[in-house]
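Note sheet for the following structure.
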Amino acid sequence: MTGSNNGSGIRIGVFVCHCGTNISKVVDVARVAESAQKLPGVVISKHYRFMCSDPGQEMIQADIKENKLNRIVVAACSPLMHENTFREAVEEGGINRYFFEMANIREQVSWVTIDPEMATEKATAIVRAAVARVSFHEPLEMRRVPIRKKAAVIGAGIAGIESALQMADAGFEVDVIEREPSIGGHMSRFDKTFPTLDCAACILTPKMVALSKHPNINLHTYTEVESVEGYVGNFKLKIKKKARYVDTEICNSCGLCYEYCPSHPSPVERQLSVAEKVFVEGKHFVPELWRRNETTFEEVLEDKKQGREKLAPCTEACPQGTPIRRIMAAVGRAREYGRTQEEAFDEAWRILTDWNPLPAVCGRVCPHPCEDHCNRSDKDEALGINSIERFIGDWGIDRKLSLSKSTDTGNGGKIAVVGSGPAGLNCACHLARRGYKVTMYEAFPHPGGMLRYGIPAYRLPREVLDAEIERILDLGVDLCTNTSVGKDVSIEDLRREYDTVFIGIGAHRGVKLGVPGEEAPNVYSGVTFLREINGGKGLTLGNKVVVIGGGDTAIDAARVARRMGASEVAILYRRTREEMPAIEEEIVGAEEEGIRFYFLGAPIKFILEEGNAVAVQCQRMKLGEPDESGRRRPVPVPGDEFRLEASCIISAVSQEPSAEGFEQVADDGGWIKADEQGVTRESKVFAGGDVLGLGLVTHALAHGRKAAETIHAQLSGHTVDQPGQHPVITADEMDMAVFEPAPRLESIQLSVEERFVDPWQEIRKTFDTEMAINEARRCMGCGSCLDCHLCERVCSNLVGVKALTVTSQTENGVTVPIHRITEDCILCGACAHICPKGIMQIRDRYGRQVDHAHLNLGPNSAISLPFRQAVPNVPYINTEKCIHFKTDNCGTCQTVCPKECIDYNDTEEYREIEAGTIVMATGFDSFNPAHLKQYGYGVYPNVVTAEDFEALNNAAGPTGGRILLENGEEPRSIAILHCVGSRDKDNHPYCSRVCCMYAFKFAHLVKEKTNADVYQLYIDVRAYGKGYEEFYQRILDEGVNVIRGKGAEVVASGSTRRAEGPLLVRCEDTLIGKFREIPVDMVVLCTALESRHDAHEFGRKFNISTGADGWFIEAHPKLAPVSTTTEGVFIAGACQGAKDIPDSVAQGGAAASQAMKLMNKGELMMDAAYAEVREEFCSGCKFCNDLCPFSAIEYIEDKSISHINEALCKACGTCVAACPAGAIKARHFTDEQIYAQIEGILA
Amino acid sequence: MSFEPKIIGFLCNWCSYTGADLAGTARMKYPANLRAIRVMCSGRIEAGFILDAFRNGADAVLICGCHIGDCHYSEGNHKCLRRLPVIKKLVEQFGIDPERVRLEWVSASEGDRFRKIVTEYTEQIRKLGPLTLRDLDFEPPPEVEHDEVKPKEEVCHV
């Protein structure tokens, strides 16, 4: 179609685009073109399938030439989409690029209109308007803007770091501005990254360091952007460097400041900060103010207050839970308590026998697990607790002290105790003291059980045993010896006659080896042999005795045989010396006495001559894989056998109970099952000791006491007081330098020659009084107050608030200051930090061991690092925590800093930096689920967010990467709830994209680190990335339970059953269509990613907008994902929308390349649209001057007119609309053009 | 056939025109009565445009700009907001119901909001009927009050 020229020289070409069918499906494009044809000035009007395609553009250019067109209208998509494309096509076609107008008939017509008729009419009107407007278009020249070759990156998370490094490596100078004290962003808080399980720190730290060291990068940490001025190519950023109070130039990251900072307000102590102590010139480096008085080591009694006491490790290790610390204090500190030494020993004996009526026995035979756990071994050597116990026991026997009774009158209860071994004796003792009438039945002629018939006299002299048993019988316990229950009297009779029966019959039957020849008369079992000898019978052993086994019974048997005159005694054991279960001291004793050991040998048969065994045929063994007990299993070496000659063989491999008559309570093997309290499956029948399973004397004693307490509770209708769960104090928590070094004292031992003068005499001597006192004084009283008053002094002298006082010594202790917040207390935590014994803790009201909401990756102190690998590795002071900023005192960090880099007068610093381009990589915030009451975050301590859980998993974190509940225990089951805050119309409608995958990562880590069951509650699984689906399959294979259904609610289950968790997660399992309740210990909420809380205000500084969901808006969601509507400002990473690390890195690179494209070119062609004052019309009223937000309008006094600086003008047109004289012209948006458009659209 | 009003929309380039495009991209549907004219900023809009639109047969004018605080040019929308009462007074003096001029904020991400506003406003104008200049039936109300539009004490630049 061709039309006529209207005579004014304007020759318009109209091109209507089908856009495939996007437009033509609704709009009748032919009719639109046809009606345009009739408009004035229109020379040709065409429609075509794709105007933006090459043929489309060529068509325009050809028509320009052919029809001498000088104005072009394209009716197609939005000008925001293709205006530039067509302007360039028009320019190439030979006319000015501004002789072009675009009519938007796609986004604003065909896509939004249903009725084709109305759509066509609307499109026609819009084209008409464009035609009318384009006639008034003027030729304009674009503005050339120079671009400074310097970039600014805002935010140094992984996206910002990537962007900065790319540009810096390409040779551009980059300013990196980070508001936190360290770069690294969220990624630095992660332990592992999905799906490859790369260590986040391992892959991030090198980049952080590279950034900080890069010659082209200026790093500004702890710095905020205050304001931004200028435009593309020439931005000016005003930045505010916050006061760090530490000079980053001088600091060499020695860490002394946070090591010694007394302010540690959080209840969770960080492991890394206490790991190493600093020594200067061999002296423990302590600031002057902290140096303690010449305190003598004074033990005070325990602080009984619940929850504040810490358990000493010895007491924790003792099966009986003996209060060892108190006993040591009583023995060693008589003077401090104002007691004579006799009174002190009596008191110690009294405390000890309240738990254990056989101290002299235990002091001799107990293998003392308490000493193995003594904290003192971290200083020099463990305390000789066993020797002191023996001393106290002997003291009681010598002084003929008698056991105390809680009541002198009987309470009428009648108890039968079967067996008078340690379990029975202790049970009888504790019941008799409470007023019960106890009758003890003993099958053997004398009481004591294994103590008498198992342990030889050279270890436990009979007069000692008799004295201690006698004392128990003195409480009024009746003893019926030579009475075998099950034979002489039935258990049923006892149950009828007595209120309760306690069974402590031990395990007195040797286990057979099961090898040929075992039935020979000169083959004995270990227990039988010892019983015969200890019972006073003589046996003929001959000269060559072979003992088989590696336990205490075997050693006892061998040493007894040696004492009975056997010249050659050998022990044959399947494993090696390391695996021997016998007490080390006993093995050494046996070696000293000339007993030969044959290791790695097992008997395969006994060779008999005339019915008697004469030799043991042995199989050579070697150690194989460890068995369930942890010891390496012996395996035979085929064909390697040897023979040991023997005149007597003692097989002491194991023992078992003989349960005849006890079938009611015993299982097939003769063993009886009972719980911790001795309760068996039969009512009113209790059991304890070896009959439950072979153990130590101390175990049997513990069983006896606990059973007695339970029996008493049952009969009197009380409940048993369960001891509180106290944390055990470890050596790490204590300051070892406080304690004077002192070597461990050992008791005198007979030489081997002396031992055989009287073979049954005791080998070891009891401590003398002085030794006992000196050894007891070595006790560090772990977990109790030292009375050093350091806490008081640090509070008044260093902190300067005098919030706590120490009560006098005679009152037995310190009132621990912060059990409630006093007005004076500033909760700085200095007292707890200084306490050399680590017994003070600041706790929150929940008494948490692990406070999930406050897990710091750096030290907890007021001066600290955000995390260990922080860049720059320079601490900063948190003035909210710092004592100096609260009280004007302290100043410890300044005192200890060897380089004088701490300045409390540091102030904020303002600077201006210039940049040609800006990359925004400000990241995201984590959604706070506290207002979602249904999940109980902040209510139930073990409901944690993903961020908390990351900190918990971080190897450099406060728990060292261990997943712990707030009580310090490992969880047994964890529920992971997806989509908390995401895909939720009340919070964030969008999917946060990373949660499914990090939830799976969590599941994997839980499976790797604990034995907990994991439940994943999901809506849909979105495992869309490379390797993601495979990772999902992997965690399914690892046995993670996945439940399709959003977690609806988390409630306290109210269940006290140990098998179930204290939290209940409720959900609907939509795959089986059932409501479910899952009991768990811990709940992890997969919280959404959300835009930074200040994203909107911050974005405004850069003139970039945020969408409804708060993320920064990109110029085009697909084609310009990192550009913004502000030229020269780019966005990267999660500030643009929730995304994972690979996507953030990719965007960081993309933004860098966009910025470099501009900077490399060095200039940018800018739109010619700006405003100009037509001087001839300007009256000089200055109305416009104050209107311009960019201060582009200045008043020229000489001419009395206003003038617009075109470099500053951004073409908004506000002044144009305001000018009363109409003197200001908005180029390309002139009044004429807009009026023409209005008239055209309505014509 | 029911009355189909002609409504002229003045949309700012950065927020509202983009928002209107978004409604299209998302294939939302709204009445075809609105015809948009793109300006760089709502601050560019002057009373003359509106009067000219009415003169040429528009039944209503819808002005859309960025939300307050979101303006690409910092405060152009403030200027527009302050001009509106004057514009309304002006059209009133011409015997035009000031309801026929409406100002709304639509951000670049609010395609759905744009759709709702256009639909609702079209319906409102349809009820109001076609604009007859010097309509004798029209009686100006004693005091025009609008919630968000309060004339400020500062000078209004028209």
Side-chain angles (χ1 to χ4, degrees), chain A residues 77-81 104 106-115 117-119 121-122 125-126 129 133 1096-1097 1100 1103 1105-1109 1113 1117 1125-1126 1169 1183-1184 1187-1190 1210-1220 1222 1226 1228-1229 1231 1234-1235 1237-1243, chain B residues 4 6 8-15 17-18 20-49 52-53 55-58 66 69-76 79-80 83 107-110 113 115 118 155 157-158:
Chain A
C77 49
S78 170
L80 302 181
M81 183 90 188
N104 181 352
R106 189 180 74 172
E107 278 84 348
Q108 298 193 7
V109 180
S110 71
W111 278 349
V112 293
T113 314
I114 300 167
D115 179 28
E117 192 55 42
M118 295 194 72
E121 192 190 320
K122 183 177 177 182
I126 291 172
R133 189 189 206 274
H1096 184 81
E1097 297 80 56
R1100 290 309 307 157
N1103 210 6
S1105 319
T1106 48
D1109 40 23
I1113 299 182
T1125 51
T1126 302
F1183 242 40
C1184 54
L1187 277 179
C1188 180
F1190 310 106
K1210 297 195 175 179
C1212 64
T1214 303
C1215 57
V1216 185
C1219 180
H1228 207 57
F1229 283 90
D1231 288 354
I1234 293 172
Y1235 281 123
Q1237 203 173 356
I1238 295 169
E1239 281 156 29
I1241 217 164
L1242 289 163
Chain B
E4 290 298 343
K6 285 180 183 168
I8 296 297
F10 290 102
L11 311 184
C12 88
N13 178 61
W14 301 101
C15 293
Y17 197 85
T18 316
D21 274 359
L22 181 65
T25 313
R27 310 296 198 277
M28 293 167 180
K29 304 298 176 202
Y30 57 83
N33 305 64
L34 182 103
R35 288 151 194 198
I37 290 173
R38 180 168 66 122
V39 288
M40 291 309 279
C41 177
S42 54
R44 172 73 183 89
I45 296 159
E46 47 186 272
F49 296 169
D52 195 52
R55 189 171 65 82
N56 282 289
C66 310
D70 258 356
C71 177
H72 188 73
Y73 305 106
S74 298
E75 47 198 39
K79 306 293 186 306
C80 180
R83 278 171 197 151
S107 83
S109 58
E110 292 177 331
R113 179 176 158 79
R115 177 192 65 78
V118 174
V155 182
H157 305 289
V158 179

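All chains are named by letter (A, B, ...) in the order of the sequence lines, taking the proteins before the strands, and each is independently numbered beginning at 1. This is a predicted model, so every value here is computed, not measured.
With values rounded to the nearest 0.5 angstrom, I1238(A) atom CD1 is found 7.5 Å from N56(B) atom CG. Annotation: the span from I1234(A) atom CD1 to F49(B) atom CZ amounts to 3.5 Å, rounded to 0.5 Å. Here SG of C1215(A) is found 10.5 Å from NZ of K79(B). Values are rounded to the nearest 0.5 Å. Taking CZ from R55(B) and CD from E1239(A), the interatomic distance works out to 5.5 Å, rounded to the nearest 0.5 Å. One finds the CG atom of L80(A) at 11.5 Å from the CG atom of L22(B) (value rounded to the nearest 0.5 Å). Here the straight-line distance linking atom CD of Q108(A) with atom OH of Y30(B) works out to 5.0 Å at 0.5 Å rounding.
The choice from E1097(A), R1100(A), K122(A) that makes the most heavy-atom pairs within less than 4.5 Å of chain B is R1100(A). With chain A as partner, the option from H72(B), M40(B), M28(B), E75(B) having the largest number of non-hydrogen pairs under 4.5 angstrom is H72(B). Ranked by heavy-atom pairs under 4.5 Å with chain A, the list C80(B), G48(B), G57(B) is led by G48(B). Options A58(B), S107(B), A108(B) differ in how many heavy-atom pairs under 4.5 Å they form with chain A, and the most are formed by A58(B).
Looking at D21(B), its side chain never comes within 3.5 Å of a backbone N or O of E107(A) through a donor-acceptor pair. With hydrogens and angles disregarded, a donor-acceptor distance shorter than 3.5 Å links the side chain of S109(B) to the backbone of A1108(A). At distances below 3.5 Å, at least one donor-acceptor pair connects side-chain atoms of K29(B) with backbone N or O atoms of W111(A).
With a 4.5 angstrom heavy-atom cutoff, Y17(B) touches chain A via backbone and side-chain atoms both. At a 4.5 Å heavy-atom cutoff, the contact between T18(B) and chain A is made by backbone and side-chain atoms alike. Neither the backbone nor the side chain of D115(A) comes within contact range of chain B, judged by heavy atoms closer than 4.5 Å.
Between D52(B) and Y1235(A), the shortest heavy-atom contact is OD2-CD2, 3.1 Å. Taking every heavy atom of both residues into account, R44(B) and C1212(A) meet most closely at CB-O, 3.5 Å. Looking at every heavy atom in both residues, L1242(A) comes nearest to K6(B) through O-NZ, 3.7 Å. For M118(A) against N33(B), the heavy-atom pair with the smallest separation is CE-OD1, 4.3 Å. Heavy atoms only, all atoms of each residue included: T113(A) and A32(B) are closest at CG2-CB, 3.7 Å. Here the shortest heavy-atom pairing between E46(B) and A1217(A) reads OE2-CA, 3.4 Å.
Applying the side-chain hydrogen bond (donor to acceptor under 3.5 Å, both in side chains) criterion to H1228(A), with sequence neighbours excluded, gives R87(A).
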For this session: Go through D70(B) and H1096(A) one step at a time and tell me if the side-chain contact (heavy atoms from CB on, under 4.5 Å) criterion holds.
Result: CA-CA 9 Å; D70(B) 258 356; H1096(A) 184 81; 2.6 Å; yes
Exercise. Is there a side-chain contact (heavy atoms from CB on, under 4.5 Å) between S1105(A) and W14(B) once you walk through the steps?
Worked result: CA-CA 10 Å; S1105(A) 319; W14(B) 301 101; over 6 Å; no
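A donor atom on one side chain and an acceptor atom on the other are not found under 3.5 Å apart for N1103(A) and Y73(B).
Side-chain contact between Q1237(A) and R38(B): absent, with no pair of heavy atoms (C-beta onward) separated by less than 4.5 Å.
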